[in-house]
Amino acid sequence: MFDRILITGGAGFIGSHLAEYSLKKGKEVTIIDNLSRTDYNIKYLQENYKNLKFVQGDIRDSKVFNGLMDDIDLIYHCAAQVAVTTSLENPRLDYESNADGTFNLCESLRNSKSDASIVFCSTNKVYGDLNLRILEKGSRYEYRDIQGIDETYSLETNCPYGGSKIISEWILDTFHKSFGIKSTKARMSCIYGTRQFGNEDQGWVAWFTIATILGKKITIYGDGKQIRDILYITDQNNAFESLAKNIDKTKGKAYNLGGGPKNTISLFELLNLINELTGKRSEIIRDNWRMGDQKVYVSDISKIRKEVGWEPVVGVKEGVKNLVEWVTNNKSALGQ
Ligand SMILES: NC(=O)c1ccc[n+]([C@@H]2O[C@H](COP(=O)([O-])OP(=O)(O)OC[C@H]3O[C@@H](n4cnc5c(N)ncnc54)[C@H](O)[C@@H]3O)[C@@H](O)[C@H]2O)c1
């Protein structure tokens, strides 16, 4: 059905896993990436797989798509400026990468012969502060009245990154309604896994694991009781494939995607789990809350479960154990 797949940001964490997942199934994969994060994942894919074409380029430049679209059946749109912190320091970079980049992709697809579908990496940050009633319970916060956030909450922004992702969603919706370009949006919570080069600004589960194993200090902003639902990367791959396969049902819609209420963890709980698995603990530095940090974010994943029959199968302990093993065996890739 989808034999030829284009992945923007395919050298990144999520994009490179989608690439490997697709290549293992015999698909032809084209990756566009400017390698602004790391070249580790593209080298890994090139060393291990044949049906891969790599274009080093920037989606802020519409010409990057020239000659690539006509033969494509499916696009996973992952390239983006990914950090809230960077978006506050450099909103132009954020806007141009995310909003202009998405426009360039849609417009190039419109001008091509292809009728490819797009699955887009959106984010829970499109819901802004949420300001829901919250309970403090031991080592974590919880929502007081609900289990998780569903897709009926209105879109609001509290940082440039949230804003540029909302604009990206609107661009996709506009091209769908006006020109019939099929797209669906995954509003993702926290995705984690192997080959994730997490740092203090983005990818906190990977960052805490890497820092602990490499003996680096960890700064906790706020009180460490903030919780997230976390989703292991292999479950994320399956979710994206399901959204694409069911595009006639999922087009024009958004789906919250995360580990859901069964897979939540607070910052301190994660540090304790990593300690349990490695016997190590980093020195902790305490600092104030950062702008745009939500105390609680848990996805309600009922909609994606009901509409495409997807749900996560890898629990928090199993996923973090896999990540710990990967970091332990790949210290040199992580700068040690
Ligand atoms: N990891 C998460 O928990 C999470 C959560 C919500 C949303 N997302 C979204 O998922 C997508 C993938 O995130 P990730 O965690 O894999 O991040 P990542 O940084 O590992 O991957 C992003 C990739 O995009 C590339 N890129 C950035 N700007 C580009 C540009 N202008 N042109 C071409 N390539 C460019 C980078 O080089 C990188 O390889 C992003 O859109 C991100 O906003 C991720």
Side-chain angles (χ1 to χ4, degrees), residues 6-20 30-45 54-65 68 75-87 90 92-105 108 118-127 159-169 172 185-199 201-207 228-233 235-237 239-240 254-259 263 294 297 299 319 323:
L6 174 70
I7 306 179
T8 71
F13 162 55
I14 291 173
S16 71
H17 275 281
L18 285 165
E20 180 165 36
T30 301
I31 284 175
I32 299 176
D33 199 296
N34 66 2
L35 299 187
S36 52
R37 185 121 191 204
T38 174
D39 64 2
Y40 177 89
N41 289 319
I42 199 68
K43 284 184 178 155
Y44 167 85
L45 291 172
F54 172 53
V55 177
Q56 183 167 356
D58 198 303
I59 62 166
R60 288 173 291 175
D61 174 7
S62 61
K63 290 193 286 298
V64 78
F65 298 104
L68 295 179
I75 298 167
Y76 290 130
H77 180 28
C78 309
Q81 188 303 108
V82 297
V84 170
T85 45
T86 309
S87 81
N90 191 347
R92 179 177 295 280
L93 171 72
D94 182 81
Y95 180 83
E96 290 178 353
S97 309
N98 298 2
D100 288 347
T102 301
F103 178 84
N104 288 338
L105 172 72
S108 304
I118 303 173
V119 182
F120 174 55
C121 290
S122 189
T123 168
N124 59 15
K125 299 293 181 296
V126 299
Y127 296 121
C159 60
Y161 173 70
S164 64
K165 287 285 186 178
I166 292 175
I167 294 169
S168 302
E169 289 202 7
L172 289 161
K185 298 149 298 198
R187 293 180 182 153
M188 301 188 295
S189 177
C190 170
I191 317 297
Y192 71 104
T194 59
R195 294 198 278 102
Q196 183 177 23
F197 289 74
N199 57 37
D201 295 318
Q202 197 251 359
W204 66 279
V205 176
W207 164 239
R228 299 286 181 269
D229 60 319
I230 65 175
L231 181 70
Y232 192 63
I233 188 68
D235 282 328
Q236 203 272 350
N237 288 336
F240 266 45
Y255 297 86
N256 290 350
L257 180 61
N263 293 296
Q294 294 149 321
Y297 188 88
S299 319
L323 176 57

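Whatever order the structure lists ligands and atoms in, that order sets their numbers, starting from 1. Quick note: residue numbers are just sequence positions, from 1. Since the model is a prediction, treat every value here as computed from it, not as a measurement.
- With hydrogens and angles disregarded, no donor-acceptor distance shorter than 3.5 Å links the side chain of Glu96 to the backbone of Asn98.
- For the pair Phe197 and ligand 1, no heavy-atom separation below 4.0 Å is found.
- Set against the non-hydrogen atoms of Leu35, the atoms of ligand 1 under 4.0 Å away are 37 (O).
- The Ile59 neighbourhood of ligand 1 comprises atoms 30 (C), 31 (N), 32 (N), 33 (C), with distances under 4.0 Å to a heavy atom of that residue.
- Arg187 places no side-chain N or O within 3.5 Å of a backbone atom of Val126 that could act as its donor or acceptor partner.
- Only the side chain of Tyr161 comes within 4.0 Å of ligand 1, counting heavy atoms alone; its backbone N, CA, C and O stay farther away.
- For Gly101, the heavy-atom gap to ligand 1 stays at 4.0 angstrom or more.
- Residue-ligand proximity, Ser122 to ligand 1, at heavy-atom distances under 4.0 Å covers atoms 6 (C), 7 (C).
- Using a 30° and 60° split on the angle between ring planes, Tyr297 and Tyr127 fall in the parallel class, below 30°.
- Between the CZ atom of Arg228 and the SG atom of Cys190 there is a distance of 8.0 Å, given to the nearest 0.5 Å.
- Geometrically, ligand 1 and Gln81 share no nitrogen or oxygen pair separated by less than 3.5 Å.
- In terms of N/O distances under 3.5 Å, ligand 1 is not approached by Val82.
- For atom 1 (N) of ligand 1, the nearest non-hydrogen atom from the set Arg195, Gln202, Met188 comes from Gln202.
- Distances from ligand 1 to the non-hydrogen atoms of Ser36 include at least one value under 4.0 Å.
- Between atom 4 (C) of ligand 1 and the options Gly203, Ser164, Ser189, Cys190, the minimum heavy-atom separation is to Ser189.
- Of the protein's non-hydrogen atoms, Cys78 O, 3.5 Å is the one closest to atom 12 (C) of ligand 1.
- Of the candidates Ala11, Ala79, Cys121, Gly10, it is Cys121 that places a heavy atom closest to atom 9 (C) of ligand 1.
- Checking Gly9, Ala80, Gly15 against atom 27 (C) of ligand 1, the nearest heavy atom belongs to Ala80.
- The nearest heavy-atom contact from the protein to atom 44 (C) of ligand 1 is Ile14 CD1, 3.8 Å.
- Of the N and O atoms on the side chains of Ser299 and Asn256, not one donor lies less than 3.5 Å from an acceptor on the other residue.
- The aromatic rings of His17 and Phe13 sit perpendicular to each other, their planes meeting at more than 60°, with 30° as the lower class boundary.
- A heavy-atom separation below 4.0 Å is not found between Ser16 and ligand 1.
- Residue Glu96 places no heavy atom under 4.0 Å from ligand 1.
- Residue His77 does not touch ligand 1, judged by heavy-atom distances below 4.0 Å.
- Near Gly57, the atoms of ligand 1 lying under 4.0 angstrom from a non-hydrogen atom of the residue are 32 (N), 33 (C).
- Of the candidates Ile32, Asn34, Leu257, the one placing a heavy atom closest to atom 35 (C) of ligand 1 is Asn34.
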